[in-house]
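In what follows, every heavy atom counts, from backbone to side chain, and hydrogens, waters and symmetry copies are set aside. Reminder, nothing fancy here: chain letters follow the sequence lines and each chain counts from 1.
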Protein chains: 2
Amino acid sequence: MPTASDFQRMLREASLRVTSPRIAVLSAVHAHPHADTDSILGVVRADLGAVSHQAVYDVLRALTAAGLLRRIEPQGSVARYEARVGDNHHHVVCRSCGVIADVDCAVGLTPCLTASDDHGFTIDEAEVIYWGTCPGCTTATSL
Amino acid sequence: MPTASDFQRMLREASLRVTSPRIAVLSAVHAHPHADTDSILGVVRADLGAVSHQAVYDVLRALTAAGLLRRIEPQGSVARYEARVGDNHHHVVCRSCGVIADVDCAVGLTPCLTASDDHGFTIDEAEVIYWGTCPGCTTATSL
DNA sequence: TCATTTTCTGGAATCAATCAAGTTACTGAG
DNA sequence: CTCAGTAACTTGATTGATTCCAGAAAATGA
């Protein structure tokens with residue numbers, strides 16, 4: 001898990017000002033992959049004592065735009081964020097409880113799949129989401 | 001394009017009551033693949049003269065649950081609906097204008113991909129969304 | 001035709017996210 | 001270390017998409 005200094009360096013390398021909310025958000029997302037905005041807000045507030053929801057929204061947007069975070073939004077879910085960027089990994093989502101896990105991309109580069117008919121699009125990414133039931137929910141439904 | 005009688009038959013086969021709003025929604029989605037809820041509401045209102053937004057939401061939910069429609073929600077988009085169901089096809093989405101096109105699934109059955117590590121999940125679907133730029137937007141950005 | 005149950009109506013409410021004006025804080029130059 | 005400039009944060013208000021809800025209307029089968 002990166003230190004505050006690491007986060008400061010990441011921010012500077014991305015030409016972003018180093019602020020407490022930004023460091024707190026980076027730390028929160030590193031510690032809680034796939035967390036939604038509301039829970040990130042809660043973690044950041046516990047960390048800093050006070051921070052506006054607007055700041056968290058703004059920071060998440062800025063860090064995502066800078067490539068320091070990745071935003072995902074599986075169907076039926078709110079926006080979620082993760083710190084694991086740049087490897088084009090995919091996700092598996094439980095239809096029952098919503099838990100999300102990372103799935104390494106076999107290719108690693110985008111796009112990792114070729115459309116049977118690209119309709120003339122210039123394709124730059126193949127987003128893959130595996131849907132199913134997690135071990136915990138599979139056991140529950142088998143009972 | 002199916003007729004009203006076809007829609008009535010589809011509804012009965014799905015054990016759903018045959019109502020005007022339902023027939024109008026089915027017709028609207030058949031005519032406008034990947035339309036969002038608000039535009040479906042507009043088309044249905046033009047068709048029936050009056051219908052509550054609640055009815056359209058309820059109908060879309062019921063028809064999706066019955067397997068007569070499919071709901072998609074690309075990241076950053078609202079809920080959209082299509083009548084093409086059962087063939088596990090994918091989509092390509094333009095990052096610029098948002099246009100969506102169907103992409104046939106090379107396998108046709110779910111799940112059509114195998115996760116490198118399924119984390120013990122029982123996977124039943126691999127949702128694939130190709131992201132890129134459509135022909136119209138590619139030309140525009142090249143100018 | 002009628003009873004039953006589902007569906008629709010017409011708002012109200014909720015939720016996630018954005019907008020906006022003013023204040024605060026970070027940064028680089030001196 | 002100070003200061004000017006500008007980005008970031010604060011504190012609400014607002015928006016858009018969707019859901020909730022009580023009561024009325026309509027579809028269905030007997």
Side-chain angles (χ1 to χ4, degrees), chain A residues 4-5 7-26 28-29 34-45 47-66 68-69 71-81 98, chain B residues 4-5 7-26 28-29 34-45 47-66 68-69 71-81 98:
Chain A
S5 296
F7 294 135
Q8 292 188 23
R9 185 175 45 74
M10 292 176 194
L11 288 165
R12 291 198 176 90
E13 282 169 1
S15 299
L16 293 172
R17 294 195 183 192
V18 177
T19 65
S20 293
R22 286 179 173 179
I23 292 179
V25 165
L26 273 171
V29 178
H34 314 125
D36 62 24
T37 317
D38 202 52
S39 64
I40 292 171
L41 178 59
V43 173
V44 171
R45 277 180 169 160
D47 184 356
L48 298 183
V51 69
S52 68
H53 70 280
Q54 186 55 54
V56 173
Y57 274 94
D58 282 343
V59 171
L60 286 170
R61 179 186 289 268
L63 298 182
T64 301
L68 295 182
L69 293 183
R71 176 176 191 274
I72 65 174
E73 198 177 337
Q75 183 160 182
S77 174
V78 295
R80 294 174 179 281
Y81 295 85
Chain B
S5 295
F7 294 136
Q8 292 190 21
R9 182 175 48 73
M10 290 175 195
L11 287 166
R12 292 200 174 88
E13 283 170 359
S15 300
L16 293 172
R17 293 193 184 192
V18 178
T19 67
S20 291
R22 286 179 175 180
I23 292 179
V25 165
L26 273 171
V29 177
H34 315 127
D36 63 24
T37 317
D38 201 53
S39 63
I40 292 170
L41 178 60
V43 173
V44 171
R45 279 183 168 157
D47 183 358
L48 298 184
V51 69
S52 68
H53 74 282
Q54 185 56 56
V56 172
Y57 274 93
D58 282 344
V59 170
L60 286 170
R61 179 186 288 269
L63 298 182
T64 301
L68 294 182
L69 294 182
R71 176 175 192 274
I72 65 174
E73 196 178 336
Q75 183 163 179
S77 174
V78 295
R80 296 175 177 280
Y81 295 84

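Distance, A:I23 CD1 to C:dA25 P: 15 Å, rounded to whole Å. With rounding to whole Å, A:D58 atom CG is found 9 Å from C:dT18 atom P. Between A:Y81 atom OH and C:dA17 atom P the separation is 7 Å, expressed in whole Å. Remark: P of D:dA25 and CG of B:L48 are 18 Å apart, rounded to the nearest angstrom. Distance CD (B:E73) to C1' (D:dG16): 14 Å, rounded to an integer number of Å. Atoms CZ (B:R80) and P (D:dG16) sit 16 Å apart, rounded to a whole Å. Here the C1' atom of nucleotide D:dT11 and the CZ atom of A:R45 are 11 Å apart, to the nearest Å. To the nearest angstrom, P of C:dC8 lies 11 Å from CG of B:L60.
Comparing C:dT9, C:dT7, D:dT10 against the side chain of B:L16 picks out C:dT7 as the nearest. In the set D:dA17, C:dC8, D:dC9, D:dC9 carries the atom at the smallest distance from any side-chain atom of A:S52.
Remark: the B:H53 side chain and the D:dT19 base include a donor-acceptor N/O pair separated by less than 3.5 Å.
Partner of A:R22 under the side-chain contact (heavy atoms from CB on, under 4.5 Å) criterion, out of A:L60, A:D58, A:L16, A:V56: A:L16 alone. The only option from B:R80, B:E73, B:Q75 that meets the side-chain hydrogen bond (donor to acceptor under 3.5 Å, both in side chains) definition with B:S77 turns out to be B:R80.
Across all strands shown, A:T37 has heavy atoms under 4.0 Å from sugar-phosphate atoms exclusively, and none from any base. Contact annotation for A:A79: backbone-only contact, meaning every heavy-atom pair under 4.0 Å involves sugar-phosphate atoms and none involves a base. Among the atoms of the strands shown, only primed sugar atoms or phosphate atoms (P, OP1, OP2) are found under 4.0 Å from some heavy atom of B:T19.
A distance of 13.5 Å separates CZ in A:R71 from CG in A:L63, rounded to the nearest 0.5 Å.
For the pair A:R22 and B:R12, both in contact range of DNA chain D, the more 5′-proximal nearest nucleotide belongs to A:R22. Along DNA chain C, the nucleotide nearest to B:V56 and the one nearest to B:R17 differ in position, and the one closer to the 5' end is contacted by B:R17.
B:I40 approaches B:A28 most closely through the heavy-atom pair CG2-CB, 4.3 Å.
In this structure, A:Y57 does not reach the C:dT18 phosphate: none of its side-chain N or O atoms is under 4.0 Å from OP1 or OP2.
For the pair B:I23/B:L11, a side-chain contact is recorded, criterion being any heavy-atom separation below 4.5 Å from C-beta on.
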